[in-house]
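Remarks on the structure that follows.
Position 1 is the first residue of the sequence; numbering continues from there. Since this is a predicted model, take the numbers as computed values, not measurements. Counting starts at 1 for both ligands and their atoms, in listed order.
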Amino acid sequence: MITRRKFLHRTGLATTALLMDHLPPFAQSAPVKALTLDSNTLAKFVDPLPIPPIAKPDRYQPSPLDPSVKIPYFRLAMQPFEMKVHRDLKPARMWGFASGFPGPTFDVRSGQEILVEWVNQLPAKHFLPVDHNLAGAGADQPEVRTVVHLHGGKVPPESDGYPEDWIVPGKSALCHYPNNQDAAMLWYHDHAMGINRLNIYAGLMGVYLLRDDAEDALRLPNGKYEIPLVISDRFLTPEGQLYYPVSDKPNAPWVPEVFGDTMIVNGKIFPFLDVDARKYRFRVLNASNARFYHLSFANGATFSQIGTDQGLLPAPVSLKALMIAPGERVDLVVDFSGHRGEEMILKNDAFVMMQFRVSRDKVDDASLLPATLRPVQKIPESQAVKTRMLSLDEYVNRVAEPILMLLNGTYWHQPITENPVLDTTEIWTLINPTDDSHPIHLHLVRFQILDRRRFETSSYMSKREVKFTGEAELPDASEAGWKDTVRAQPGMVTRIIVHFEGYAGRYVWHCHILEHEDNEMMRPYQVLAKP
Ligand SMILES: [Cu+2]
């Protein structure tokens with residue numbers, strides 16, 4: 001029996017989740033091991049690292065803002081396709097944008113608005129286990145639904161990919177992305193209510209690079225020396241097909257988290273990349289459903305983190321290892337010049353991710369790693385007009401297995417409770433009494449992490465009182481930039497400061513562990529127009 005606790009790679013003490021005894025017992029019994037391929041039996045470093053193609057506009061058409069201006073128009077279809085995730089496996093059935101996993105990379109400039117028509121060309125039946133008990137995924141709903149969200153984009157509400165704004169196969173949706181924001185690595189992915197975890201697991205995601213002049217002026221490694229690394233994990237069947245685990249209840253297949261045992265980078269298992277002995281820029285995205293990665297080089301090499309979710313840090317941070325949660329991005333510069341002729345392995349603790357084969361030849365490298373990158377002005381706490389106390393809750397059954405996750409004890413369908421006013425600043429205080437780290441993502445905005453502070457979870461569970469047991473800890477240098485996803489750590493109160501700007505309208509905030517998000521750990525929020 002694989003229990004949730006065994007699935008969890010993170011350590012946890014006794015669960016502090018709330019007990020719900022009126023619900024039937026739940027167990028994730030799936031005999032996962034018997035059904036799945038042991039990826040350690042596969043040959044390592046036999047496939048070159050794929051680089052997703054750059055998306056090309058289909059045509060230019062009038063801007064919705066000013067019909068006299070013609071802007072790039074892209075059309076991307078979501079399609080079923082087959083791809084080899086490893087040389088020695090048969091092609092796996094997947095769903096992807098333009099038949100790719102990851103889909104094509106958008107490479108666009110700040111200030112250059114674009115239109116994207118997202119076309120659903122998927123079959124009417126899902127090939128992964130839909131749980132009809134989840135909100136929005138009832139048996140009365142079409143089984144296959146998609147809606148695309150541009151994660152990290154400052155996007156008008158009608159183009160943001162609201163989870164209920166899904167379309168069915170045969171339909172398309174036109175989205176307008178103004179790109180009025182700083183350079184950053186964004187990503188696009190499905191966000192359909194109740195089946196988001198399955199659609200992304202099937203492959204519906206891609207990278208969206210937004211550039212600007214300030215970043216160009218830094219002369220960071222670019223062109224073929226700038227490479228996206230989309231990391232994710234899957235289970236595969238012995239035949240090499242995607243396997244999504246299920247509970248032991250045929251009518252309620254949802255499982256609390258999926259931690260696949262097969263690591264995939266840009267769509268390949270254990271890929272290799274031939275590199276010159278010089279600096280490279282790697283744009284890393286954790287596109288996994290639930291797995292957090294602790295990345296490092298097996299030879300202990302140091303590297304520099306230059307950016308986070310919403311663009312460049314104030315200055316590079318020298319690291320030997322980093323943590324990245326689902327939905328987060330890190331921007332890295334790795335200098336291979338001191339490693340000529342070496343084979344360097346990138347690993348996630350015990351898991352091998354990929355290999356870099358460094359050329360023996362000396363090369364000229366005109367790219368720079370500047371000592372300062374850009375100013376990041378700290379938002380003063382005094383600017384906040386409101387502080388919200390928001391709890392992250394897990395509900396368990398009699399055998400301590402999670403059956404439901406809520407934000408502030410509130411279901412998706414309940415009236416909106418978070419309603420900041422446009423152009424005001426708020427502090428959101430995320431109280432996490434669970435033993436999971438929840439990566440919390442707010443649509444529309446970028447924010448800064450103020451601090452994290454340990455608190456007494458048991459007294460919080462009984463009395464809903466926050467009793468701090470430690471000092472406030474400032475985010476470390478690698479998190480001291482603009483973020484759109486924050487790790488709300490277990491047993492801690494995490495505070496973020498957010499300036500709500502861009503658009504009034506309805507958005508969502510949610511946990512980016514996709515199994516949590518699909519089971520109620522997502523709430524609508526409303527940015528109110530200025531009075
Ligand atoms: Cu969560």
*Is it the case that Arg506 places NZ or CZ above or below the six-membered ring of Tyr162, under 6.0 angstrom from the centre and within 45 degrees of the axis?*
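Verdict for Tyr162: a cation-pi partner in Arg506.
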_Using a 6.0 Å distance limit plus a 45 degree cone around the ring axis, check whether Arg234 lies over the aromatic ring of Tyr243._
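Output no; distance or angle outside limits.
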*Quick one: which residue pairs count as a salt bridge (charged side-chain N to carboxylate O under 4.0 Å, His left out) with a foot in residues 451-462, not counting sequence neighbours?*
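Sorted pair list: Asp451-Arg495, Arg452-Glu479.
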*Listing residue and atom name, which protein N/O/S atoms are closer to the Cu ion (ligand 1) than 2.8 Å?*
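The answer, once waters are left aside, is His438 ND1, Cys511 SG, His516 ND1.
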*To the nearest 0.5 Å, tell me how far Asn286 CG sits from Phe292 CZ.*
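Asn286 CG to Phe292 CZ: 8.5 Å, rounded to 0.5 Å.
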*With under 30° as parallel and over 60° as perpendicular, where do the rings of His149 and His191 fit, or are they tilted in between?*
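The arrangement is perpendicular - the two ring planes meet at more than 60°.
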_Qualifying residue for ring-ring contact (aromatic ring centres under 6.0 Å, His included) with Trp509, from Trp428, Tyr525, Trp412_ =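 Answer after filtering Trp428, Tyr525, Trp412: Trp428.
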